[in-house]
Enquirer: 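Below you'll find the structure I mean.
A note on names: the letters A, B, ... follow the listed sequences, proteins ahead of strands, and every chain is numbered from 1.
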There are 2 protein chains.
Amino acid sequence: MARATVQDVARTAGVSVGTVSRVLNGSPAVSESSKEKVTAAIRQLSYRPLASARDLRRDRTMRVLALAKNLDSLVISEVFRGVGDAAADSGYVSLIAATSGDLEREQQLVDMLRNGSVDGLILFSPTMADEDVEAVAEHLSVVQVCEIVDAEAAFGVSIDDRQAAYDITRHLVETGGRRLAMIGNKNARSGRLREEGFRQAVTEAGLSPDRMLFGEGSFGFHAGRSLARKLLEAEHLPDAVFCGTDIVAAGCVRELTDAGLRVPDDIAVAGFDDSAQAEMCVPELTTVRQPAYEMGRVAFTELLTRMTVPGAHRRGRTFLPHELVVRDSTKG
Amino acid sequence: MARATVQDVARTAGVSVGTVSRVLNGSPAVSESSKEKVTAAIRQLSYRPLASARDLRRDRTMRVLALAKNLDSLVISEVFRGVGDAAADSGYVSLIAATSGDLEREQQLVDMLRNGSVDGLILFSPTMADEDVEAVAEHLSVVQVCEIVDAEAAFGVSIDDRQAAYDITRHLVETGGRRLAMIGNKNARSGRLREEGFRQAVTEAGLSPDRMLFGEGSFGFHAGRSLARKLLEAEHLPDAVFCGTDIVAAGCVRELTDAGLRVPDDIAVAGFDDSAQAEMCVPELTTVRQPAYEMGRVAFTELLTRMTVPGAHRRGRTFLPHELVVRDSTKG
DNA sequence: CCCGTTTTTGGAATCGATTCCAAATAGCAA
DNA sequence: TTGCTATTTGGAATCGATTCCAAAAACGGG
């Protein structure tokens, strides 16, 4: 039982392929009677237009690709949920792929844009070098989310990471923090921006950073614990710690708590992202909320403009507002 | 600067389109000199074969689609990481799509298999009715992971949920549990199987279930808390609770702890999945480990067989071994 | 140097849906 | 009925890569 083609439908319905195609695409130039015959034939043969043939002729796929290293963070899955919903609203399908940080895989996936497998690309923390992102974005529709290359070669949607880190650090200062430490991650660009914001807030308060600890590679719960252990080894403990993500903050809180310290009384801890872990931690984490879902929606909208409006400028940046969420891990 | 075609490459290289195609596909019947000329022309024009034209002619895409409601669980992201790695090993690209539980979206995505956008489909907890899954799997390559329809219409890969729940419940009994409650989820089929396993273990121990609580809709941390609150309202507290997922167990532990109870001394709590939350919980959760990554790999391998071996039987089931992980939330 | 093999090449046909153009039909007024 | 416009239709051309077949070139042995 081979696949039915538009020819088969035409034959069964007793019309020409042109008419079948017109029915398929809702052209008004079809008589009511032919439309019925064609519809019946389509149902009878359970016919589906073959995607590759259609894409070839139309020169577009109505598909976009969203790329990330992993899917294990709630921020990513919320961003992509936003992308997916916005895409569906516009009749697009959004596909997601994870590269596992493998550069070759990532190249292969980006090639899906270059070879016309998809019409647009949304990049979340690419592995490739900035200039490669720029090169791809030069001629094709690419939008970055959250992690954005310095050069404004492509379009990007994110919060202002520097400002957000500044804000939450100021909160630590205003609630009595004097010896401020940070546990961060230099790998990601956003991590570096958060470090900048932290340093600026500390400096403006007339203080200087107590300890700056940076994790290599994986940056999760265990990294948070082991970096917090380093804090404990020091002679003078900091009285406030800003962590680059909630998960790390949760690990940090756990390690401090296990060592008999009270959070926030002995030491305040702040996270970043307002992920589910922020509420699951004891005490619940003070953190910065990223509007992840909304960022995804905006990213797709921007992408759509670039895909459909010919002269749309391909570079630039949209910042979405972040929000300080004060909970129990810092002094009220 | 329009896209270069195989014709352009042929012209530039001074050969025929046939030769270009042969170089592209590594056919041995090409002289060294033509190969070089073609390679040079390809680089010069930065040519990429158009996916839709290639797919149309070849009648396959080398792409598979992995479908799930959400991507917010670590089990899913691990399963899909396994699928992605196994696919890459075989030269396939695996794309992921989330349906947000929207039936129409799901239909549209499943149609990608029927209209040849992808060669195979991996289903994780579909929204559609069982018979629809069967109908699709009848003629096309479909493999289910984790959540598997009763009827053995399609192929499935999962752990033995009933047995796993049985095992962890037995553990609760063996560590002194006499009044056993369960917090579960009837929506998912795996949830019902886990309930069966729980009931069987309780019954075999000569006991009867204390309380059976089932969440509707969202089944996360807050659901765990609010269902645990119901436990607290009862006159006699259970001395052991089996929760359908770690997140729910974490919520449950939190609510009980906040109420001044000691876990596991006053009440033991067990989870399911061995997700990251199991280790982040205080006390760390006793749970059942699903070999999620491995399940993803196996699912793709099974799918590959179905896609490439013509007569491969399309139904059946592979169970992967689960593992009881005993931590501090139950008595040692 | 010629003939039979083997290797390499060119080019037309093909995949299936869309679209354009010309032709046919319908509809309407006079 | 005739003539004109408006609607509907058929069918060929097209998109770009692959593949098959026949032709051409290269090769080797005698």
Enquirer: So what does A/L50 touch, heavy atoms closer than 4.0 Å: a base, only the sugar-phosphate, or nothing?
Expert: sugar-phosphate

Enquirer: Under 4.0 Å between a side-chain N/O of A/S31 and OP1 or OP2 of D/dT7, yes or no?
Expert: no

Enquirer: Measuring to OP1 and OP2 of D/dG16, would you say a side-chain N or O of B/Y47 lies under 4.0 angstrom away?
Expert: no

Enquirer: Are B/N25 and D/dA17 close enough that a side-chain N or O sits under 4.0 Å from OP1 or OP2?
Expert: no

Enquirer: Among side-chain atoms of B/D119 and B/T61, is any donor-acceptor pair under 3.5 angstrom?
Expert: yes

Enquirer: Describe the nucleic acid contact of B/R48 in one word from base, sugar-phosphate, nothing, applying a heavy-atom distance below 4.0 Å.
Expert: sugar-phosphate

Enquirer: Using a strict threshold of under 4.0 Å (side-chain N to carboxylate O), is an ion pair present between A/D130 and A/R189?
Expert: yes

Enquirer: Looking only at the side chain of B/R22 (C-beta and beyond, no hydrogens), which of the listed nucleotides C/dG16, D/dC20, C/dT14 gets closest?
Expert: D/dC20

Enquirer: B/D55 CG to C/dA17 P: how many Å, rounded?
Expert: 14 Å

Enquirer: Looking across every strand, which nucleic acid part, if any, lies under 4.0 Å from A/T19 by heavy atom: base, sugar-phosphate, or nothing?
Expert: sugar-phosphate

Enquirer: Among the candidates C/dT8, C/dA13, C/dG11, find the nucleotide nearest to the side-chain atoms of B/S34.
Expert: C/dT8

Enquirer: Take A/S117 and A/N115 through the test side chain to side chain donor-acceptor pair (under 3.5 Å) and record every step on the way to the result.
Expert: CA-CA 6 Å; A/S117 293; A/N115 71 23; 2.8 Å; yes

Enquirer: Side chain of B/R58 only, please: which of D/dT18, C/dT18, C/dG16 is the nearest?
Expert: D/dT18

Enquirer: Give a yes/no answer on whether the side chain of B/R3 brings an N or O atom under 4.0 Å of OP1 or OP2 in D/dG16.
Expert: no

Enquirer: Base, sugar-phosphate, or nothing: which does B/V15 touch, judged by heavy atoms less than 4.0 Å apart?
Expert: sugar-phosphate

Enquirer: Could you check B/G18 against B/S52 and say which one's nearest nucleotide on DNA chain D is further toward the 5' end?
Expert: B/S52

Enquirer: Report the nucleotide, chosen from D/dA17, C/dG16, D/dG11, that has the shortest atom-to-atom distance to any side-chain atom of A/V17.
Expert: D/dG11

Enquirer: Name the closest nucleotide to the B/S21 side chain, picking from C/dT8, D/dT18, C/dA17.
Expert: D/dT18

Enquirer: Let's see if you can work this out: which of C/dA17, D/dT18, D/dT9 has an atom nearest to the side-chain heavy atoms of A/V30?
Expert: D/dT9

Enquirer: Indicate whether OP1 or OP2 belonging to C/dG10 is found under 4.0 Å from a side-chain N or O atom of B/S16.
Expert: yes

